Amino acid sequence: MTAILEVTKATRRFGGLVAVNDVSFKVSSTGVTAVIGPNGAGKTTLFNIISGSIPPSEGAILLAGEDVTALKPEAKAARGLVRTFQLVKLFQDLTATENVKVGFHLKSRGGLLAALFQPAWAKQAERDAEEKAAALLDLVGLSKVARTSASVLPYGQQRLLEIARALAAEPRILLLDEPAAGLNAEESERLAKTIRRIAADGTAVLLIEHDMKLVMDIADEVVVLDYGRKIAQGTPEAVKKDPAVLAAYLG
Amino acid sequence: MTNSPSTTSPEAPGLARPHTRHFGSAAVWALSAAIIGYALVFGGYMATIVAFALIYAVFVSGLNVFMGLTAQVSFGQSAFAAIGGYTSAVLTTTYEWAPLPGMVAGLVFALVAAFLIGFPTLRLKGHYLAMATLAIGLITYEIAVEWESVTQGYLGISGIPPLGIGPFEAVSDRAILSVLSVIVVILAFAVTRIRRSRLGRAFSAVAGSEEAAGALGINVSRYKLVSFLIAAAIASLSGSLFVHVVGYVSPEVFGLHMVILAFTMVYIGGLGTVAGPLIGALIISILPEVFRGMKDYQDLAYGVTMILILIYAPKGIAGVAGALDARRSA
Amino acid sequence: QETYKIGISAGLTGYAATVDRAWSDGVQTAVDVLNEKGGVMGRKLEVVIEDNRSNPQEAVTVYRKMVSSDQVNLFSSGCVSAGNAAAAPMVAKSEIPMILCSILPKDVEWAFTTLPPAGFEIEKRFEYLRDKTQIRKVGVLHDPTPYALLQKDVAQKVAAKYGIEVVSTEAYKQEDADLSVQLSKMQSAGAGAVMKIGLGGTTLTAAKNLKQLDSPMLLLTSLEDLAVFKPVAEVLGDKFFFVASPSQVFEAYPDGPLKTAIGQFLDPWKKKFGDRDPNWASRGWDSVMLAAKAIETGKSFEGQAVRENLEKITGFQGTTGVYDMSPTQHQGISSNPFVVAQIIDGQVRIAQ
Amino acid sequence: MDLNLVLQSLISGISIGCVYGLIGIGFCVIYNASGIVNFAQGAFVMIGGMATYVLMTDYNLPYAVAAICAILLAGIVGAVVERLVVRPLWDRNAAMFVMILATLAAQIVIERLAYILVDDQPKTLPPFTDIAPIRLGGIAVNYQSLWIVGCSVLIILALNSFFRSTRTGKAMRAVSINAEAAALQGIPVSRMLTLAFVLSAMLGAVAGILLTPTQYTAFNMGVPFAISGFIAAIIGGFGKPLGAFIGGIALGVIQSMAILGLGAGFKNVAALSLLLLFLFFRPSGLLGSTR
Amino acid sequence: MTAAGTLEVVPPVLDVRGLTARYGHVEALKGVDLTAGRGELVAVLGPNGAGKSTLLRAIMGLIPNQGEVRFLDKSLPRRDPAGAANKGVVLVPEGRGIFGPMTVLENLELGAFAIGRDKAEMERRLNRVFELFPRVKERLKQVAGSMSGGEQQMVAVGRAMMSDPKVLLLDEPSLGLAPRVTGEILDTLGALSASGLPVVLVEQKAPLALKLACRAYLLSLGRIVATINPREVKSHDELAQYYFA
Ligand SMILES: Nc1ncnc2c1ncn2[C@@H]1O[C@H](COP(=O)(O)OP(=O)(O)OP(=O)(O)O)[C@@H](O)[C@H]1O
Ligand SMILES: Nc1ncnc2c1ncn2[C@@H]1O[C@H](COP(=O)(O)OP(=O)(O)OP(=O)(O)O)[C@@H](O)[C@H]1O
Ligand SMILES: [Mg+2]
Ligand SMILES: [Mg+2]
């Protein structure tokens with residue numbers, strides 16, 4: 001397996017609390033990797049470290065072999081690592097389509113002059129963005145609300161929109177923090193399909209999820225955290241039977 | 001700002017629906033045009049008021065880019081207006097430059113200053129950003145007062161030549177109003193284009209959530225700076241326009257008064273809308289004249305009216321018009 | 001017949017409010033008196049007042065309003081120097097004479113001022129210190145207004161003539177809440193008296209601060225409304241002196257043409273405003289009388305004619321002194337009418 | 001430089017700084033209860049001094065009684081501002097800056113009313129303790145400053161324990177953080193808002209009464225004080241009463257040292273530049289949390 | 001509870017009649033009827049955007065609405081969330097509504113705002129929450145906003161329990177909770193309702209909710225499209241039928 005992302009000995013302390021404790025693992029450049037664990041196990045903190053929102057106390061993050069530990073989120077995004085948030089962070093005043101178009105930022109060009117004089121290439125890029133945004137919204141099933149302002153979308157659709165927006169950045173690895181939270185069974189099944197398709201299209205996916213059905217369905221590899229430590233890693237089947245995991249999480 | 005109750009408000013003024021009819025917005029533009037037209041035809045002191053209003057509209061357009069599109073606060077834009085205004089004034093009087101190169105020089109100074117100031121300042125958020133920019137505005141004011149050898153302090157600089165290129169000079173009311181109107185329209189056009197561009201979306205992203213913007217690869221501090229520079233450049237332009245139109249400059253022109261007035265205009269007009277700065281500037285400039293006859297009660301009436309407008313049109317006049325359009329199309 | 005309109009751009013609000021309100025009331029009083037006598041050359045006068053908020057931009061607006069909407073014939077404007085300067089070119093273009101209470105705008109031959117030269121208030125105070133006290137070192141405390149800056153420069157220049165040394169020059173701003181550091185500095189430089197130049201409540205702050213510092217320094221302030229001085233006197237008692245214009249110490253002033261001129265003004269003024277301070281108002285009165293004189297000499301209401309005849313006025317006895325104008329001299333007062341006064345037991349006295 | 005002069009200036013700086021701090025605290029109270037920055041705060045300061053003066057001179061009330069009445073009056077005005085200006089906007093979910101602008105407009109209205117009802121002449125009050133200042137070697141310490149410092153310390157202690165440990169205080173903080181969630185806990189949001197305005201208006205009035213004897217009051221003195229108070233509150237880390245107080249003293253001392261070292265012209269430039277530098281290094285104020 | 005197959009009638013504590021709410025010009029709730037009586041746990045199910053959250057918000061009076069909400073046979077005022085809360089109608093909102101900058105303990109104390117200064121009662125209620133969520137007890141001094149997502153959800157539910165509600169409304173309380181904790185919370189809710197407290201539960205995890213509920217309302221496009229007796233629902237597919245009917 002070639003690793004797109006490698007986390008080595010990541011540790012993060014908050015005061016006396018060690019939220020992430022000496023965690024190491026690799027994420028394959030294809031397929032879906034899931035991080036699971038009880039509440040407060042350190043999953044989101046781990047995501048924050050990987051994406052650059054907070055620096056680790058110790059340890060390193062390698063992205064495609066390059067040490068990116070100290071880089072800011074935007075720099076990591078530019079290298080192909082894009083995330084979503086546990087509590088959705090949409091651009092409330094923009095429509096669904098416009099939210100997705102923001103996602104194309106890295107893949108397009110143009111500053112003040114392009115905005116003011118709108119040369120042909122800029123207009124063309126704008127049309128392309130429009131088309132691609134429509135396609136992405138279609139992928140996550142939000143075509144109907146394309147022109148609705150994000151702030152009035154119900155919670156579940158907001159989550160989907162956030163995924164579509166992240167995809168627009170054409171990431172090499174996509175980090176999803178509890179994408180199925182707030183979705184009902186139907187919807188999360190549809191989400192599972194979408195994620196599989198994303199993975200099949202060649203984007204590595206790293207996701208946090210409490211919905212075990214979803215995890216079992218789509219994950220190729222599962223990392224289990226508890227009290228900040230990695231207590232298990234393996235295929236879903238293996239992890240499901242791991243006594244430590246059963247004790248700590250699945251109960 | 002953090003705990004703003006508005007973060008839960010659903011409607012985005014005007015932004016959300018590109019494919020709707022714009023009766024409300026058209027009405028706003030028509031009203032503005034009517035006011036300017038009246039001043040053009042009848043002249044008189046209405047021309048002076050509308051001229052000032054248009055200069056303010058220029059200033060507020062800049063503020064609107066920074067505050068409306070990018071959702072940052074600056075109480076210090078008067079600093080850049082002052083830099084533009086004083087550069088124009090000093091270069092055209094003491095050094096006898098022509099107005100246009102003076103203006104360009106002012107613009108360059110303002111941009112350099114905005115760059116140096118913006119770099120450290122824009123890291124701040126919320127009230128701290130408001131405070132820091134307020135400090136910048138006040139410091140600039142104090143410098144204008146104290147640096148007498150250049151600015152002549154409160155005495156001010158007079159005898160500044162009118163706007164002009166070569167033999168053409170904007171001296172008459174009509175010429176001045178026409179030049180200013182053209183500038184305001186160009187700016188409105190530019191803001192429309194920016195808003196619908198990649199740049200404008202980056203601004204909106206910064207406005208919506210800096211964290212999410214960063215996660216999508218948008219360099220938040222860079223775009224804040226770009227927005228700040230655009231606003232500073234426009235502010236500087238408005239400062240230069242002021243001194244050439246009036247022929248005089250003194251520190252009070254660029255005091256806290258200017259900032260408060262501009263804030264009022266941008267909110268009464270409609271934050272983040274294209275027509276907002278113009279209609280806001282016109283209304284806030286004309287309002288005191290409506291109450292002029294009330295003498296001692298003028299300010300009282302003005303204050304009360306402002307409170308009423310804010311209460312009944314909290315998203316500003318252009319904002320309300322935009323919302324009406326949205327409702328009609330639904 | 002149409003009235004002759006006198007426009008006033010006054011800072012009815014803002015920092016110049018006290019002065020400009022009094023000035024406007026003085027103008028109005030003069031106009032009322034003249035109208036009672038049938039006006040000037042049979043033509044009634046009318047006053048148009050607009051508030052410029054002590055702000056130059058606002059001043060331009062109201063000047064413009066009075067020029068184009070009210071079609072004012074002459075301006076008799078208050079003490080907001082910046083506002084007058086900003087509007088002067090436009091007013092001159094409309095060929096309307098201006099008689100002001102502020103520093104003259106640069107290069108404007110249409111403007112005249114009732115303001116005495118900056119040195120007068122300074123010289124009186126130096127004179128007093130030299131003649132009546134042992135104090136030979138003073139501190140100068142001034143605000144940043146143009147007229148205060150002029151006075152400060154004069155003080156530094158002429159002090160030696162009076163055998164006095166300015167040991168410390170400090171600035172303040174109108175909205176300052178505390179002047180005690182400036183005052184401490186002066187005291188520690190050895191000053192025996194503070195010469196304060198500038199208007200407004202800060203005089204009261206300075207007095208309070210002196211008392212809080214338990215300072216032995218005298219306070220000598222520039223010309224100002226008596227209403228401000230009364231509480232100051234309550235704080236500092238006989239350590240407080242001020243420059244007074246003749247109208248403020250009318251009773252104590254020696255008889256002569258000046259006293260007569262003031263009397264003509266004070267009668268109607270007192271009838272209307274009682275004990276209110278007459279100082280700035282008397283200058284407003286002068287401005288109207290100067291205009292009337294110019295009109296009558298030239299027998300013309302034309303702007304150009306009035307302007308030319310204003311330039312010809314000499315030996316005109318006003319309430320603040322004698323005005324001698326000329327084409328090169330638009331600041332007419334040439335002899336120093338001021339006295340140094342005190343308030344003892346609530347009564348204004350010429351200082352002994 | 002003369003050591004006495006430095007000490008004397010330091011004392012001046014501290015006592016005027018306490019006043020800034022006290023006004024800054026007023027900002028904090030409303031902010032802590034609603035997230036609003038109330039720019040009418042200066043008007044309450046003016047009302048404090050002005051109403052005391054009017055009640056003393058025109059109605060011959062004793063000093064203390066007049067002062068208490070003035071504080072109550074300010075409280076009433078605070079409630080009126082909240083009801084008529086802030087509440088309608090609050091109910092309409094207006095943006096923060098719209099409310100700030102509305103409080104500015106309220107400031108204009110109150111200022112003009114004071115002008116119409118009283119006049120524009122500066123007025124002053126006698127010191128609380130009208131005896132010669134204490135002399136410590138070459139420097140003088142006046143009693144009014146002691147009053148100011150003493151009252152400020154008391155108010156801060158009281159406020160801190162109010163917001164930390166009382167039920168109402170905590171409820172107010174909750175309202176400012178998330179008004180909707182606060183309502184869901186049964187906290188009467190609108191009463192908390194009114195209370196906050198009344199409280200901070202009264203604090204403003206106290207500041208006005210304490211400071212007027214050291215200088216003067218006039219209908220338009222509110223705005224400069226409000227600005228200084230706002231700066232103090234920011235230095236302190238917005239919403240922290242103790243921080244605002246320390247911030248006020250810092251501002252006062254910096255200003256007086258600037259006058260001493262650089263001259264009065266640079267007083268504000270120095271103070272504001274230092275403020276900027278400070279913000280660059282501590283972007284959320286003295287007592288604010290650094291993240 | 002009696003035999004399956006009949007929708008048992010218990011005198012309602014909360015009785016919602018013809019509740020209608022709109023956002024601007026969009027009608028999000030169109031005349032909804034719902035009741036919850038002593039000892040009943042009723043579930044509200046429905047796809048995204050059905051109006052579930054809107055329903056709970058309208059009951060509390062957080063948004064403008066028409067219709068009637070009767071509580072213990074009296075009408076609740078239509079725009080007074082704090083009043084409703086003080087009467088004992090308590091909502092755990094979507095998105096939790098934690099007071100982020102305040103400590104966990106302060107958050108809990110504010111939940112019991114109505115009891116005033118009664119220290120002993122406060123202790124008692126705190127202990128009950130600690131039993132439910134031991135994790136919360138460990139973190140009393142932590143700033144609530146820095147807690148993990150699931151921990152915050154625990155604080156939110158705990159805070160609601162602090163007020164000793166007479167009717168408890170929950171908007172997706174299991175959101176973001178680990179499966180074990182979800183199970184625990186839902187068990188707790190079951191126990192609470194069994195002890196007499198009426199509970200209205202909005203939940204996406206329909207099977208879990210149906211296990212506990214005595215009645216389930218199916219909401220779609222702002223209307224109740226079906227009222228289900230959980231014991232009659234045999235399979236997941238059957239439920240899906242209701243969903244997309
Ligand atoms: N800024 C912070 N200060 C103090 N403690 C923190 C901070 N951020 C997180 N923690 C603590 O670190 C631990 C790990 O939190 P994290 O958000 O990573 O959990 P999680 O695994 O994502 O849990 P969940 O599934 O509930 O979202 C938690 O106990 C949390 O309270
Ligand atoms: N503030 C708002 N302004 C306008 N429309 C809104 C607003 N909030 C919700 N809506 C609309 O009302 C409808 C119902 O939304 P609601 O949030 O009640 O759904 P829900 O059933 O709770 O969905 P979810 O399961 O995703 O939470 C949706 O169509 C939504 O778009
Ligand atoms: Mg998490
Ligand atoms: Mg919902």
Side-chain angles (χ1 to χ4, degrees), chain D residues 28-36 87-88 90-94 159-196 236-243 283-285 287-291, chain E residues 53 56-57 59-64 79-103 105-119 122 143-146 152 155-156 158-166 168-171:
Chain D
C28 293
V29 170
I30 290 186
Y31 181 76
N32 275 349
S34 63
I36 298 173
R87 177 71 58 82
W90 180 272
D91 288 344
R92 287 175 168 76
N93 275 336
L159 275 182
N160 255 358
S161 71
F162 174 72
F163 280 120
R164 282 270 172 70
S165 13
T166 70
R167 182 168 157 266
T168 315
K170 285 180 201 166
M172 276 193 180
R173 277 166 63 209
V175 170
S176 80
I177 295 163
N178 186 338
E180 187 174 294
L184 288 176
Q185 311 312 312
I187 297 169
V189 174
S190 60
R191 216 181 312 148
M192 291 295 150
L193 263 185
T194 316
L195 188 60
F238 216 78
K240 309 261 187 319
L242 178 62
S284 33
L287 301 190
S289 55
T290 40
R291 268 184 294 161
Chain E
S53 303
L56 297 191
R57 292 170 62 78
I59 293 177
M60 291 305 294
L62 283 169
I63 49 174
R79 269 324 286 281
D80 182 15
N86 280 325
K87 289 199 176 75
V89 184
V90 173
L91 168 68
V92 179
E94 188 168 40
R96 310 182 190 116
I98 287 289
F99 302 123
M102 301 177 89
T103 65
L105 181 61
E106 284 174 327
N107 267 279
L108 293 177
E109 285 173 348
L110 284 167
F113 182 78
I115 63 172
R117 272 167 257 285
D118 187 343
K119 281 249 165 66
M122 183 71 86
V143 174
S146 71
Q152 288 187 23
V155 174
R159 188 177 60 183
M161 296 311 302
M162 287 296 292
S163 67
D164 209 1
K166 300 215 169 50
L168 187 56
L169 315 175
L170 301 112
D171 199 345

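Just so we're clear, the structure is a prediction, and the values are computed from it rather than from any experiment. Keep in mind that the numbers below use all heavy atoms, side chains included, and drop hydrogens, waters and symmetry copies. Just so we're on the same page: letters track the sequence lines, and every chain starts at 1.
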Ignoring hydrogens, what is the shortest heavy-atom contact between [X] and [Y]? Give both atom names and the distance.
{"X": "E:Leu108", "Y": "E:Gly158", "value": "CD2-C, 3.8 Å"}
{"X": "D:Phe163", "Y": "D:Gly169", "value": "CD2-O, 3.6 Å"}
{"X": "D:Ala33", "Y": "D:Val175", "value": "O-CG1, 3.2 Å"}

For this session: With a 4.5 Å cut-off on heavy-atom pairs, point out which of E:Gly83, E:Ala85, E:Gly95, E:Ala160 contacts chain D the most.
Result: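 Of the candidates given, the most pairs with chain D belong to E:Ala85.
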Exercise. How far does CG of E:Leu110 sit from CD1 of E:Ile98, to the nearest 0.5 angstrom?
Worked result: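 Those atoms lie 10.5 Å apart.
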Do chain D and chain E have donor-acceptor pairs under 3.5 Å, and which are they?
from	atom 1	to	atom 2	distance (Å)
D:Arg167	NE	E:Phe113	O	2.8
D:Arg167	NH2	E:Phe113	O	2.7
D:Lys170	NZ	E:Glu109	OE1	2.4
D:Arg173	NH1	E:Glu106	OE2	3.1
D:Arg173	NH2	E:Glu106	OE1	3.3
D:Glu180	OE1	E:Arg57	NH2	3.2
D:Glu180	OE2	E:Arg57	NH1	2.6
D:Gly186	O	E:Asn86	ND2	3.0

For this session: Name all residues meeting the side chain to side chain contact (heavy atoms under 4.5 Å, CB included) criterion together with E:Ala84; count only those two or more places apart in sequence or in a different chain, and write none if there are none.
Result: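 Side chain to side chain contact (heavy atoms under 4.5 Å, CB included) check on E:Ala84 returns E:Met60, E:Leu76, E:Val89.
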Exercise. Hey, are the side chains of E:Ile59 and E:Leu91 touching, using non-hydrogen atoms and a 4.5 Å cut-off?
Worked result: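 No, their side chains stay 4.5 Å or more apart.
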